[in-house]
Amino acid sequence: MKLFVIRLLYSLYCAECWTYRMPMRKLGPMLDRLAKRLYFWDPFGFIQKNNPTLEHYIRNIHKTMDIVFYDINIGMGITRAEGTLVSMFVPYEMLILSVFKKLRILPIQNSHFNIFLIITCGLSLLFTHFLDPKNEEYIGYFHKFESHKNNAVWHVISSIFFIGAICAGIISIMWWNEN
């Protein structure tokens with residue numbers, strides 16, 4: 001189960017990196033023009049002091065943005081992937097509760113939807129916290145997954161799992177509000 005969660009996390013990380021790369025291809029020239037204006041405007045002389053040429057400054061900006069978005073340790077991609085992983089389990093848990101409510105296994109009232117939603121969010125957070133690798137252990141797995149040839153299969157499985165979470169959320173809301 002732990003390896004499955006790490007695989008999901010890797011696929012979500014790859015998806016997050018892809019969603020950052022696509023706008024940057026379109027916005028890159030505009031950001032370079034903005035960097036050029038900032039370099040020559042430089043009211044306090046800080047930019048030109050630390051960057052001898054404009055190309056050096058633009059290269060530093062791109063390096064910094066790569067670290068911010070793509071770094072496995074501190075980047076936004078891994079942070080957003082972990083948050084998405086946590087939120088993917090909530091609809092499945094709510095679907096189970098909706099089935100229990102629909103089959104009248106548990107006497108749950110309609111007014112308690114928000115309470116059960118908060119409880120399932122907490123359970124999902126605990127579930128992923130205990131299954132998530134500790135002390136940056138997932139980095140070793142990520143490097144192994146990068147060299148595998150069946151990553152596309154796992155990306156499809158993760159996509160199906162994500163689409164299933166969306167469907168489970170819709171079904172659980174419909175079943176919960178049934179009279």
Side-chain angles (χ1 to χ4, degrees), residues 1-25 63-110 112-178:
M1 185 68 177
K2 186 175 184 175
L3 190 61
F4 178 71
V5 171
I6 294 172
R7 270 291 192 178
L8 281 177
L9 184 64
Y10 176 71
S11 292
L12 292 172
Y13 170 73
C14 291
E16 290 295 332
C17 289
W18 180 78
T19 59
Y20 284 125
R21 261 187 222 114
M22 295 308 290
M24 291 311 293
R25 287 185 184 157
K63 274 192 221 175
T64 304
M65 290 179 72
D66 284 346
I67 289 170
V68 167
F69 290 131
Y70 307 126
D71 189 66
I72 295 176
N73 294 323
I74 59 169
M76 290 177 61
I78 192 67
T79 305
R80 288 184 53 159
E82 287 173 345
T84 305
L85 181 67
V86 169
S87 64
M88 279 175 47
F89 291 110
V90 173
Y92 290 114
E93 294 169 3
M94 284 303 291
L95 182 65
I96 292 169
L97 284 174
S98 297
V99 167
F100 286 165
K101 180 182 181 284
K102 186 174 176 90
L103 297 176
R104 300 187 196 289
I105 295 172
L106 292 175
I108 303 171
Q109 298 175 353
N110 285 341
H112 298 305
F113 180 78
N114 292 337
I115 295 170
F116 282 105
L117 185 61
I118 291 170
I119 290 171
T120 56
C121 286
L123 287 174
S124 176
L125 187 62
L126 285 173
F127 177 70
T128 54
H129 175 72
F130 287 119
L131 284 180
D132 210 19
K134 305 293 183 265
N135 300 327
E136 313 300 332
E137 178 187 358
Y138 63 90
I139 295 171
Y141 284 108
F142 278 20
H143 292 302
K144 287 178 188 175
F145 296 154
E146 286 174 353
S147 64
H148 285 180
K149 297 189 188 309
N150 62 352
N151 280 337
V153 173
W154 277 101
H155 294 328
V156 169
I157 290 170
S158 299
S159 299
I160 291 170
F161 193 73
F162 184 76
I163 292 169
I166 293 171
C167 295
I170 292 169
I171 291 170
S172 67
I173 290 171
M174 288 184 339
W175 283 356
W176 196 276
N177 292 323
E178 249 182 20

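Here the structure is a predicted model, which means the values were calculated and not measured. Index from 1, following the sequence.
- Residues passing the ring-ring contact (aromatic ring centres under 6.0 Å, His included) test with Phe116, sequence neighbours excluded: Trp176.
- Partners of Tyr70 under the ring-ring contact (aromatic ring centres under 6.0 Å, His included) rule, at least two apart in sequence or in another chain, do not exist in this structure.
- Residues meeting the side chain to side chain donor-acceptor pair (under 3.5 Å) test with Ser124, sequence neighbours left out: none.
- Between Pro91 and Ala165, the closest heavy-atom pair is CB-O, 3.0 Å.
- The two atoms that bring Phe145 and Ile6 nearest to each other are CE1-CG2, 3.6 Å, heavy atoms only.
- Heavy-atom minimum distance, Leu125 versus Thr128: O-OG1, 3.2 Å.
- Summarising the geometry, atom CG belonging to Asp66 is positioned 8.5 Å from atom CZ belonging to Arg21; distances are rounded to the nearest 0.5 Å.
- Applying the ring-ring contact (aromatic ring centres under 6.0 Å, His included) test to Phe162 and every residue at least two apart in sequence or in another chain returns nothing.
- Pairs passing the salt bridge (Lys or Arg N to Asp or Glu O under 4.0 Å) check and including a residue from residues 116-128, sequence neighbours excluded, do not occur.
- Of all non-hydrogen atoms in Ile67 and Asp71, the two that sit nearest each other are O-CB, 3.1 Å.
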Atom pairs and distances, side-chain donor-acceptor, residues 74-82, under 3.5 Å, sequence neighbours left out:
{"unit_1": "Thr79", "atom_1": "OG1", "unit_2": "Gly75", "atom_2": "O", "d": "3.0"}
{"unit_1": "Arg80", "atom_1": "NE", "unit_2": "Glu16", "atom_2": "OE1", "d": "3.1"}
{"unit_1": "Arg80", "atom_1": "NH1", "unit_2": "Tyr20", "atom_2": "OH", "d": "3.3"}

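- Residues satisfying the side chain to side chain donor-acceptor pair (under 3.5 Å) criterion with Asn151, sequence neighbours excluded, are Arg7.
- The shortest distance between side-chain heavy atoms of Tyr13 and Phe142 falls below 4.5 Å.
- Interatomic distance, Phe127 CZ to Leu123 CG, rounded to the nearest 0.5 Å: 10.5 Å.
- For Phe100, the ring-ring contact (aromatic ring centres under 6.0 Å, His included) test picks out no residue, with sequence neighbours left out.
- Pairing each heavy atom of Thr120 with each of Leu117, the nearest pair is OG1-O, 2.9 Å.
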Side chain to side chain contact (heavy atoms under 4.5 Å, CB included) between Met88 and Phe161, intermediate numbers included: CA-CA 8 Å; Met88 279 175 47; Phe161 193 73; 2.8 Å; yes

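- In this structure, the side chain of Tyr138 engages the main chain of Ile72 through a donor-acceptor pair within 3.5 Å.
- Distance OG1/Thr19 to CZ/Phe69: 9.5 Å, rounded to 0.5 Å.
- When the side chain to side chain donor-acceptor pair (under 3.5 Å) test is applied to Lys144, no partner is found at least two apart in sequence or on another chain.
- With sequence neighbours excluded, the residues that form a side chain to side chain donor-acceptor pair (under 3.5 Å) with Ser11 are His155, Ser158.
- Atom OG of residue Ser172 and atom NZ of residue Lys102 lie 12.0 Å apart, to the nearest 0.5 angstrom.
- If you take CG on Leu12 and SG on Cys17, they are separated by 11.0 Å, rounding to the nearest 0.5 Å.
- Taking the side chain to side chain contact (heavy atoms under 4.5 Å, CB included) definition, one finds that Met174 meets it with Ile170, sequence neighbours left out.
- Applying the side chain to side chain donor-acceptor pair (under 3.5 Å) test to pairs two or more places apart or on separate chains, none has a residue in residues 84-98.
- Separating the CD1 atom in Ile139 from the CG atom in Asn73 is a distance of 4.0 Å, to the nearest 0.5 Å.
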